[in-house]
Amino acid sequence: MATSPRVPTVTPSAAHLASIRAPLLAWYDRNKRDLPWRRTKDPYAIWLSEVMLQQTQVSTVIPYWERFLKRFPTALALASAPLDDVLAGWKGLGYYTRARNLHRAAQDIVSRFGGTLPSTAEQLLSLPGFGRYTAGAVASIAFGEEAPLVDGNVARVLSRLFEVEGLPGDREREATLWELAGLLVKGERPGDFNQSLMEHGATTCRPENPLCLLCPVREGCVAFKKGRVAELPPAKVRAAPKKLTLALAVWAHADTLLFARRADSGLFGGLWELPAAEVDEDATVEETTLRLTAALGTGVKLESLLGTVKRQLTHRDLTLRMYRVSGPKRPTHSAAFQELRWCTPAEAATLGMSTAMQRALDTVVGTQA
DNA sequence: TAAACGTGGAG
DNA sequence: TCTCCAAGTTT
């Protein structure tokens, strides 16, 4: 099948590339932040940092990274741990599929690579949770491969430096950015260079109010030259969050409450919760009773509304309604959940649980006290 | 391919 | 309070 040659949007000269690479690397050596994962050469620890940093801010990640590494110090330790423990270690970080993929990848690393991470981007790409970015990051930073990477920072920096047009997600734009990143990474210290690009984007070439006066590569920046820094790259269009209302069953027995583990896929996949059923925003008590009865597989009676928790997720406008419920027969399993368990709030605190659910739990436990 | 997937920090 | 978003991947 013939493929038409793609016309490059930009064709930077060797001089232009050189005017960026060396100054940026030198700037990085002088200005890089002292981050804990920059003090290690352990590929596993570096991989962990890259996964945690996906869509997550540095300051949030630091304590998680240190705690997780103590609990699961090697790929082998992680592979051997129960998924439940891994999710508990990820508790509160969000995007929980990352934790499940991390766990699966560790098991692949043990079974396919003898417990040691493979060293090339191409091999890493075959592991769960490794996309193009993470493969390039681990290959270059941990193993010194001249593998490019493009994250949000790099996309912004390169868009400005080379005046790359197009909206985030545009195919041709993405191809151009990866091509530029691939040209720039060739040379000494590819891992440090990749990090310099990201560090520059995070601290200087920021989305809003970039510090162009402090920029080490201002001379080579087409957007700066043309006064287009503020308009490149264009902001991404974001879909309005959809409403999701969940009725939560607060079923008390002795000093325990009923908890359920969600299905592995979808929102809060694999996490524990007060048993939840989706309801209409304006659902009646009868409708809510039916939904919770169906979810638990046994008849329940709604005693009272104990409270409501609202959370804003990126794509969801989440409302949690906590209902005290009772019933003639206490369930121990249900088709709607992977597992049911009666445990005390203290025991529940050690389970993998979303922050949203933790808030709901704190609310009802406070209500009962 | 567009949509789904969490959270807390910053302005 | 509210909007935007931060070192992306998966389906």
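In what follows, chains are A, B, ... by sequence order, proteins preceding strands, each numbered from 1.
Taking only distance into account, the side chain of Ser265(A) never meets the base of dT11(C) through a donor-acceptor pair shorter than 3.5 Å. Side-chain N/O atoms of Thr56(A) and base N/O atoms of dG6(B) include a donor-acceptor pair closer than 3.5 Å. Taking only distance into account, the side chain of Tyr133(A) never meets the base of dG8(C) through a donor-acceptor pair shorter than 3.5 Å.
Counting any heavy atom pair closer than 4.0 Å across all strands shown, Thr134(A) reaches sugar-phosphate atoms only and no base atom. Using a 4.0 Å heavy-atom cutoff across all strands shown, Trp90(A) reaches no nucleic acid atom at all. Contact annotation for Gly201(A): no contact, since no heavy-atom pair falls under 4.0 Å across all strands. In this structure, Gly169(A) reaches neither bases nor backbone, as no heavy-atom distance under 4.0 Å exists between it and the strands shown. Base engagement by Leu93(A) is indicated by at least one non-hydrogen atom pair under 4.0 Å involving a base atom. If you check every strand for non-hydrogen atoms under 4.0 Å, Leu313(A) touches a base. Across all strands shown, Leu35(A) has heavy atoms under 4.0 Å from base atoms, whether or not it also approaches the sugar-phosphate. Within 4.0 Å (heavy atoms only), Ala356(A) reaches sugar-phosphate atoms of the nucleic acid but no base atom. Nucleic acid contact class of Arg33(A) (heavy atoms, under 4.0 Å, all strands): base. Looking at heavy-atom distances under 4.0 Å, Arg104(A) makes no contact with the nucleic acid at all. Among the atoms of the strands shown, none is found under 4.0 Å from any heavy atom of Glu208(A). At a threshold of 4.0 angstrom between heavy atoms, the contacts of Lys242(A) are confined to the sugar-phosphate backbone, with no base atom among them.
Thr97(A) has no side-chain polar atom (N or O) that falls below the 4.0 Å cut-off from OP1 or OP2 of dC5(B). Considering only side-chain N and O atoms, Arg238(A) lies under 4.0 angstrom from the phosphate OP1 or OP2 of dC5(C). Of the side-chain N and O atoms in Tyr95(A), none sit less than 4.0 angstrom from OP1 or OP2 of dA6(C). Side-chain N/O atoms of Arg98(A) include none lying less than 4.0 angstrom from OP1 or OP2 on dC5(B). In this model, the phosphate group of dT1(B) is approached by a side-chain N or O of Arg171(A) to a distance below 4.0 Å at OP1 or OP2.
Per the geometry, CD belonging to Gln54(A) stands 11 Å off C1' belonging to dA6(C), to the nearest Å. Regarding Leu246(A), its CG atom lies at a distance of 14 Å from the C1' atom of dG6(B), rounded to whole Å. Spacing between atom CG of Asp317(A) and atom P of dT7(B) amounts to 14 Å, rounded to whole angstrom units. Note: CD (Glu50(A)) to C1' (dT9(C)) measures 14 Å, nearest angstrom. The separation between Lys91(A) atom NZ and dG6(B) atom P is 15 Å, rounded to whole Å. At whole-Å resolution of the value, OH in Tyr96(A) and P in dT9(C) are 19 Å apart. Distance CZ (Arg316(A)) to C1' (dT7(B)): 16 Å, rounded to an integer number of Å.
With the nearest nucleotide of DNA chain C identified for both Ser49(A) and Phe130(A), Ser49(A) has the one nearer the 5' end. The residue among Ala239(A) and Thr355(A) whose nearest nucleotide of DNA chain B is located toward the 5' end is Ala239(A). Map Arg132(A) and Ala235(A) each onto its nearest nucleotide of DNA chain C; the residue landing nearer the 5' end is Ala235(A).
Looking only at distances, no side-chain donor or acceptor of Arg71(A) sits under 3.5 Å from a matching main-chain atom of Phe68(A). Remark: side-chain polar atoms of Arg321(A) are not paired, donor with acceptor, to backbone N or O of Leu246(A) under 3.5 angstrom.
Within 6.0 Å of atom CD in Glu347(A), more than 12 heavy atoms from other residues, nucleotides or ligands are found, so the atom counts as buried in its surroundings.
In summary, Glu174(A) and Arg171(A) do not engage in a salt bridge, as defined by a charged side-chain N under 4.0 Å from a carboxylate O. Glu303(A) and Arg324(A) are not joined by a salt bridge, as no carboxylate oxygen comes within less than 4.0 angstrom of a charged side-chain nitrogen. Look at Asp317(A) and Lys310(A) and you find no salt bridge, because none of the NZ, NE, NH1 or NH2 atoms lies under 4.0 Å from a carboxylate O. For Asp29(A) and Arg189(A), the salt-bridge test passes: some basic side-chain N is under 4.0 Å from an acidic carboxylate O.
Considering CD of Gln195(A) and NZ of Lys32(A), their distance stands at 7.5 Å, rounded to 0.5 Å.
Classification of the Tyr44(A)-Trp47(A) ring pair by plane angle, with boundaries at 30° and 60°, yields perpendicular.
Between dG8(B) and dT9(C), the two P atoms lie 22 Å apart (nearest whole Å).
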Show each protein N/O and nucleotides 9-11 of chain B N/O combination with a separation under 3.5 Å, one pair to a line.
| from | atom 1 | to | atom 2 | distance (Å) |
| --- | --- | --- | --- | --- |
| dG9(B) | O4' | Gln57(A) | OE1 | 2.8 |

